[in-house]
Structure formats: C-alpha cells, structure tokens
Amino acid sequence: MPPRVRFAPSPTGFLHVGGLRTALYNWVVARQGDGSFVLRIEDTDEARNREDWVTGIDESLRWFGLDWDERHRQSERTELYASAADELTAAGLTYWCDCTRDEVDARAKARGGPPGYDGHCRDLGKAAGPSAALRFRTPDSGTTSFVDVVRGEPAFPNDAIEDFVLVRSNGKVLFVLANVVDDLDMRITHLIRAEEHLPTTPKYLLLWDALGGGPPPVFAHVPVIVNEKRQKLSKRRDRVALESFRDEGYLPEVMLNFLALIGWSPPDGRERFALEEMVAEFRLEDVGRSPGFFDVAKLRAFNGDTIRAMTTEAFVERAQPWLSGPLAPWPPETYDPEVFAAVAPLVQERVAVLSEVPAMVGFLLVPELTVDDGDWEKAVKPAGVVALLDQVTERWADTAWVHDPPTAEPLKDTLFAIGDEVGLNRKRAQAPVRVAVTGRAVGPPLFESLVVLGRERTLERLRAARARL
RNA sequence: GGCCUGUUCGUCUAGGGGCCUAGGACACCGCCCUCUCACGGCGGCAACACGGGUUCGAAUCCCGUACAGGCUACCA
C-alpha cells in the first residue's frame, strides 16, 4: 500500500526550520513508495489564521521543491468535524461542560492535586449552550500504548488523561479531533511529526478507536530541533524564519541537506547528499531520538562548499537577486553583467552566502567609492606608504593595462618593485592600494580586480586617496 | 506537581557485546600555501552523564540516579 503522509502546519506566521524538517521527512517517505504528500493547513484556530501566513507556507514549500499532491484547509472541513462530534455524542462518549478555566483551577488547587480538569461535569447531564464545551470521556483505567517507529512503544496510563475538550463553546473544534477525523478521512498511513506531539497521542488513539478507525497509522515522533540552550526552537526568541535564511543567501538544497542531518544520516555516514539520494536511502527506523541543535556555523560551511562546487554560470545566475534584483544594495542599472562575469570566479570561492556578494564587487560597480576609515588608517600606518602611493600612481600610468586577455602581472610586478624600493613587503605594499581603490582591506585578488576596474578609475581613486594624507 | 521522552568530542553524528587505544563533519588551535580575505594541504585539541548489574567481554543489554527537554489550553 503506497504511503499517504501529511504535513499539517498551523499558519502562525511563516514556515520555520523545525517545520521544514518535518515536512521533508514526510515528503521523502511519500516519494519513496509512490505515495502521497498531503499538505493540510491546520487553521481551526481563528487567531492563527491569516491569509498571507497560509500562502507563506505554500511559497516556502515550493522554494524547497517539496511539492504536494493534495492540499486541504481544516477551516473548509468543519461540517465533517461537527458530524464526528455528533457521532461521539450519540455513542455516549461525550458530555457538555460549562466550567470556566478559573473554576477548574480553583478546584485543582483546593484538592491540592495536580492542575487539570477533574471531570466535574461528567455526570451532570448539562445541555449544550453558549458557554458550554463538549468534552470527551476518557477511560479511568488501563493503558494506551502504541508502536512508534523511532521511539519503541511508549505507554500512557489512561487515568492521567483528563476529559479533554473536543468542541469549544464557540462551536469550533479543537485540533485533536480535527486531526483524527482528517487522518481517517484522508486515509493517512504514517504520522511523522515532532516529538512534542507524543504526549497527545493517547488522546488521538482514543478518538481514533471511538470513531471506528481500525488499525491506527504508523507513528514516528521525530526529535525536536533546539537552540543553543537546548530548548525547542521558538519563533520569538530564536532565528527560525526560513525567509530570513533565503534572503541571506542560503541555498534551498543546502538547507534541506543540513536539516535532514539533524536526526538522520545515510547508512554510509556521508554528510553531503542530494534529495534524490535521500529518497533512495532514508528510513524512518534510522531517525535518531535525541534533540539536535541548529548550528548555523555548520550550515554556512555547507553553503559555502556548495557555492564553490557549482559552475560559475550557475553562481552568477543564482547571485542575481543580490546583484540586479530586489536584494541588491543599488539600483538595477548599477549592475554590469560583464564586469561581474570578469571577477565571478574569484568571488565565488570567497563567499559563504550569496548576500555577501555585493560587498565583494561593489567597488567595481558603484560610481562613488566609500572607503572604510579603519581599514585606511591601518593600511597607511607603515613608513613609506606615501612614497609608494606617489610612485605607483605615476608608474601605473605608464604601465600597459592588458584587458584581453586580462593580465595582472605587469601591475603586480610594478607595485612590488616599488615596495622593495621603499621598504614595504608585499603584504604591506598592496594594503594601501587595495583600500584606496576598493574601499576595504579584504576582497578579491587585487591586481585582477584592477584590470577589470581599468586604468582611469584606478588612478583617480589613488590620487583621491593620496590627497587625504 | 504529574505524565512522557532523551543523554557519544563545543556542535551534528557513526556506532547496534569483542573490528573502539571510539570514526567523520562543522567549530577551534597550529603549520604550509599566499598581494588581503578566502580556498586548499598537513597536524592538533576534544566525547561514551553517573552508579549498579548481566556477561569471559559493554558506548552498545537491564535497573537506578542525575540532568535536560516536551506535554499537562475551550493553541497547534
């Protein structure tokens, strides 16, 4: 039987790192067995239901290439949930309760026991009303257990499961019920979700049975992704928005590869693999059990490796949003494809994320150069710099600038010869020139850059810099 | 408080009784290369939470403790 899995995010703003990995594992399982990946937006809570948040989930998944076979929204399926609630009520498994939160808490405090609902209205025969919620009558004894592919066989004593709410007093169902109804209706075969859902699984199973579900789906509770303090990643305190990683220039295939690794690794232990390889090798049984830290430093390293491994054409293409697109620090007309193409290979091996590209080549494109004061001060500190600047300006004016093919040797030889004359080693000799012409102490190889920049602009910037001394 | 889950280098992990004097990757440190920054090469630091068992033998199996996390909503 082909697997039918579902990714069921609630629209809380954007898809985040943890959600993406859950989606990935689900998607992979679906793609392995000619199965179906069902995207189900869990928007039963109106406070979390905003249209742009919903489309944000779609966009993210598309960007990562995780295509879905079906897409549903729980807000469009409310009749189904209502009839399921009726069915449970007809079977005598529910009751109405109009206790307020305060009352429940007060009673819990009074009896000195643990917080939680005490079954107060269980046999009071209360009627439905504007302030009444429908609760599910849970068993008082016995144990609910299930097989979990990654955790073994967790067991939960039934007496610890309170009579939980199925339908709010405003008529809206809660996600537990909606979940079971949908999974039943959509014939979901595997429930691959985050570990945080483990404790609610007994409720799920109780409802599954009460609705005549038959054999339950296969469960796989994957470990959560945590921050450096080992807490579950949270939208408010941690950086988890996929959009922010995208805008910074992380590649989608790298993020997928990296995220897959938190909790799973291929049989041969290698760390780099493509999505297709993961589809071929992934097994839920191999997913680890302990939470993993989302280490951005390692992500960066992966991203840089991948950038370096691609063809220069691909690199140029993929850097466009930051050069000529919406993420560029200059207007579109500032970008000159030919200029960038000339230095692209040099830039490619120097950036870890695509957003770093503009700063590397800005000096070749912008009309007005901004010079970093700190870098300049440091570069002109050694004695001999003034003489060097004067001489190099003069001699480069007489040096042939060979553009076709680009030839850096003459410029290089001249500068270092002057350096020898004034007593500056190569490192110190190139520094003032680099800062004067590129504005920064770091960047692509200097002489190759100057050939691209051209004689006039180079000399102009050297004279401007000299004038500041 | 209760219930549940987890625990191998700083981090992600390999490991499923002897192949482990515990391997890889990222990070970090050193050296080499070098016009800066990177890349690359070489080398280094660094872990089986603790305590009991079981066994000829335990990172691997069992129990306990500690610590961490999750859940305990008329959120998902």
Side-chain angles (χ1 to χ4, degrees), chain A residues 8-12 42-45 47-48 74 97-101 104 108 112-117 131-135 148 151-152 154-157 159-162 164-176 178-179 193-202 221 223-224 226 228-232 258 261-272 288-295 297-302 304-305 308 346-352 360 375 379 408 412 415-416 419 425-431 433-435 438 440-448:
Chain A
S10 70
T12 54
E42 307 230 327
D43 55 357
T44 54
D45 181 16
R48 297 182 166 206
Q74 290 191 328
C97 165
D98 60 359
C99 297
T100 64
R101 184 66 203 267
V104 172
Y117 186 66
S131 62
L134 189 67
R135 284 184 185 271
D148 186 300
R151 315 234 157 224
F156 297 79
D159 60 4
I161 308 170
E162 63 176 28
F164 55 94
V165 172
L166 296 174
V167 184
R168 300 181 179 89
S169 49
N170 68 5
K172 304 280 183 191
V173 297
L174 265 91
F175 87 101
V176 211
N179 256 230
R193 38 147 54 163
E195 181 187 3
E196 65 202 80
H197 293 280
L198 199 50
T200 66
T201 305
H221 286 96
V224 292
V226 298
E228 61 286 345
K229 289 163 70 183
R230 304 246 119 220
Q231 297 164 313
K232 184 176 79 169
F258 179 70
L261 240 21
I262 303 181
W264 179 78
S265 64
D268 66 1
R270 72 187 190 286
E271 295 201 309
R272 321 311 289 285
R289 291 163 305 280
S290 47
F293 171 55
F294 184 72
D295 186 2
K298 186 161 180 173
L299 209 213
R300 258 185 79 84
F302 270 45
D305 286 347
R308 266 172 256 120
L346 303 176
V347 175
Q348 186 175 357
E349 62 176 46
R350 287 174 169 73
V351 297
M360 281 280 178
D375 285 352
K412 181 180 181 177
L415 176 69
F416 291 147
N425 64 24
R426 297 186 157 203
K427 182 170 178 162
R428 288 177 148 189
Q430 61 89 37
V433 176
R434 176 184 294 279
V435 181
T438 73
R440 308 201 305 166
V442 303
L446 182 60
F447 308 105
E448 287 80 350

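Letters go in sequence order (proteins before strands), and every chain restarts at 1.
- Side-chain atoms of A:D375 do not come within 3.5 Å of backbone N or O of A:V435 as any donor-acceptor pair.
- Across B:rG1 and B:rA14, the matching P atoms stand 33 Å from one another, rounded to whole Å.
- Nucleotide B:rC20 is shown with an anti base, its glycosidic torsion being more than 90° from 0.
- In this structure, A:F175 CZ and A:T200 OG1 are separated by 4.5 Å, a value rounded to the nearest 0.5 Å.
- Nucleotides B:rC75 and B:rG6 are separated by 25 Å at their C1' atoms, to the nearest Å.
- A:L261 places its CG atom 11 Å from the P atom of B:rC12, with the value rounded to the nearest Å.
- Counting to the nearest Å, the P atom of B:rC26 and the CG atom of A:D295 are 12 Å from each other.
- The nucleotide B:rC39 finds no pairing partner, because no Watson-Crick or G-U wobble arrangement with both distances shorter than 3.5 Å includes it.
- Atom CG in A:D305 sits roughly 14 Å away from atom C1' in B:rA27 (whole-Å rounding).
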Produce the list of close N/O pairs, under 3.5 Å, pairing protein atoms with atoms of nucleotides 17-24 of chain B; give distances to one decimal.
from, atom 1, to, atom 2, distance (Å)
B:rG24, N2, A:E271, OE2, 2.9

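- Legend: residues meeting side chain to side chain contact (heavy atoms under 4.5 Å, CB included) with A:R300, ordered by chain and number and at least two apart, are A:Y250, A:A352, A:V353, A:E356.
- Here A:R440 contributes atom CZ and A:M360 contributes atom CE; the two are 6.0 Å apart, rounded to the nearest 0.5 Å.
- Rounded to whole Å, the separation between the P atoms of B:rC56 and B:rA22 comes to 26 Å.
- Using N1 to N3 plus N6-O4 or O6-N4 for Watson-Crick, or N1-O2 and O6-N3 for G-U wobble, each under 3.5 Å, B:rC28 pairs with B:rG44.
- Between the CD atom in A:Q430 and the CG atom in A:L415 there is a gap of 8.0 Å [rounded to 0.5 Å].
- Spacing of P atoms, B:rG15 relative to B:rU72, comes out at 33 Å, to the nearest Å.
- For B:rA58, there is no paired base (Watson-Crick or G-U wobble, both distances below 3.5 Å).
- Summarising the base pairing, B:rC71 is matched to B:rG2 through a Watson-Crick or G-U wobble pair whose two defining distances lie under 3.5 Å.
- Across all strands shown, A:T201 has no heavy atoms under 4.0 Å from either base or sugar-phosphate atoms.
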Sort me out a list of protein N/O and nucleotides 31-38 of chain B N/O pairs below 3.5 Å, or just none if empty.
from, atom 1, to, atom 2, distance (Å)
B:rC35, OP1, A:R426, NH1, 2.9
B:rC35, O2', A:Q430, OE1, 3.1
B:rC35, O2', A:Q430, NE2, 3.0
B:rC35, O2, A:R434, NH2, 3.1
B:rC35, N3, A:L446, N, 3.4
B:rC35, N4, A:E448, OE1, 3.1
B:rU36, O4', A:Q430, NE2, 2.9
B:rU36, O2', A:A441, O, 2.9
B:rU36, N1, A:R434, NH2, 3.2
B:rU36, O2, A:R434, NH1, 3.4
B:rU36, O2, A:G443, N, 2.9
B:rU36, O2, A:G443, O, 3.2
B:rU36, N3, A:R434, NH2, 3.2
B:rU36, N3, A:G443, O, 2.7
B:rU36, O4, A:R350, NH2, 3.2
B:rU36, O4, A:P445, N, 3.2
B:rC37, O2, A:R350, NE, 2.7
B:rC37, N3, A:R350, NE, 2.9
B:rC37, N3, A:R350, NH2, 2.9
B:rC37, N4, A:R350, NH2, 3.2
B:rA38, O2', A:E349, O, 2.8
B:rA38, N3, A:E349, OE2, 3.4

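- The pairing partner recorded for B:rC9 is none, the criterion being a Watson-Crick or G-U wobble arrangement whose two distances lie under 3.5 angstrom.
- Between the CZ atom in A:R434 and the CZ atom in A:F447 there is a gap of 8.0 Å [rounded to 0.5 Å].
- A:K427 is linked by a side-chain hydrogen bond (donor to acceptor under 3.5 Å, both in side chains) to nothing, counting only residues two or more places apart in sequence or in another chain.
- At whole-Å resolution of the value, CD in A:E196 and C1' in B:rU72 are 14 Å apart.
- Checked against side chain to side chain contact (heavy atoms under 4.5 Å, CB included), A:A178 has the following partners two or more places apart in sequence or in another chain: A:T44, A:Q74, A:Y81, A:V173.
- We find the CZ-OG1 distance between A:F156 and A:T201 to be 6.0 Å, quoted to the nearest 0.5 Å.
- When distances are taken from the side chain of A:R230 to each of B:rA73, B:rA68, B:rC26, the shortest belongs to B:rA68.
- Checked against B:rA76, B:rG70, B:rC12, the side chain of A:Q231 finds its nearest nucleotide in B:rG70.
- Here the straight-line distance linking atom CD of A:E195 with atom OG of A:S290 works out to 9.0 Å at 0.5 Å rounding.
- Taking the C1' atoms as reference points, B:rG70 lies 14 Å from B:rA76, given to the whole Å.
- Between B:rU11 and B:rU54, the distance separating the two C1' atoms is 34 Å to the nearest Å.
- Summarising the base pairing, B:rG64 is matched to B:rC50 through a Watson-Crick or G-U wobble pair whose two defining distances lie under 3.5 Å.
- Nearest-nucleotide positions on RNA chain B place A:F293 closer to the 5' end than the other of A:F293 and A:D98.
- The interatomic distance linking A:D268 (CG) with B:rU13 (C1') rounds to 13 Å, in whole Å.
- Enclosure of atom CZ in A:R272 by more than 12 non-hydrogen atoms of other residues, nucleotides or ligands within 6.0 angstrom is indicated.
- Separation of the C1' atoms belonging to B:rC35 and B:rC26 is 29 Å when rounded to the nearest angstrom.
- A donor-acceptor pair under 3.5 Å links the side-chain atoms of A:D148 to the main chain of A:H221, judged by distance alone.
- Here, B:rC19 and B:rC61 have their P atoms 16 Å apart, quoted to the whole Å.
- For A:S169 against B:rC74, a side-chain N or O and a base N or O form a donor-acceptor pair under 3.5 Å.
- Protein atom NZ of A:K229 is 16 Å distant from nucleotide atom P of B:rU11, rounded to whole Å.
- One atom, OH of A:Y117, and another, P of B:rU72, lie 18 Å apart when rounded to the nearest Å.
- A:K232 has its NZ atom 16 Å from the P atom of B:rC75, to the nearest Å.
- Of the possible polar contacts, one joining the A:R350 side chain to the A:L346 backbone as a donor-acceptor pair under 3.5 Å is found.
- Within the shown strands, nothing qualifies as a pairing partner of B:rA14 under the Watson-Crick or G-U definition with both distances less than 3.5 Å.
- When all heavy atoms are compared, the tightest approach of A:L261 to A:P266 is CD1-CD, 4.4 Å.
- Using a 4.0 Å heavy-atom distance criterion, A:T438 is classed as making no nucleic acid contact.
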Which atoms of nucleotides 4-6 of chain B (N or O only) lie under 3.5 Å from a protein N or O atom, and what are those distances?
from, atom 1, to, atom 2, distance (Å)
B:rU5, O2', A:R151, NH1, 2.6
B:rU5, O2', A:E195, OE2, 3.0

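- The residue A:G419 sits apart from the nucleic acid: no heavy atom pair falls under 4.0 Å.
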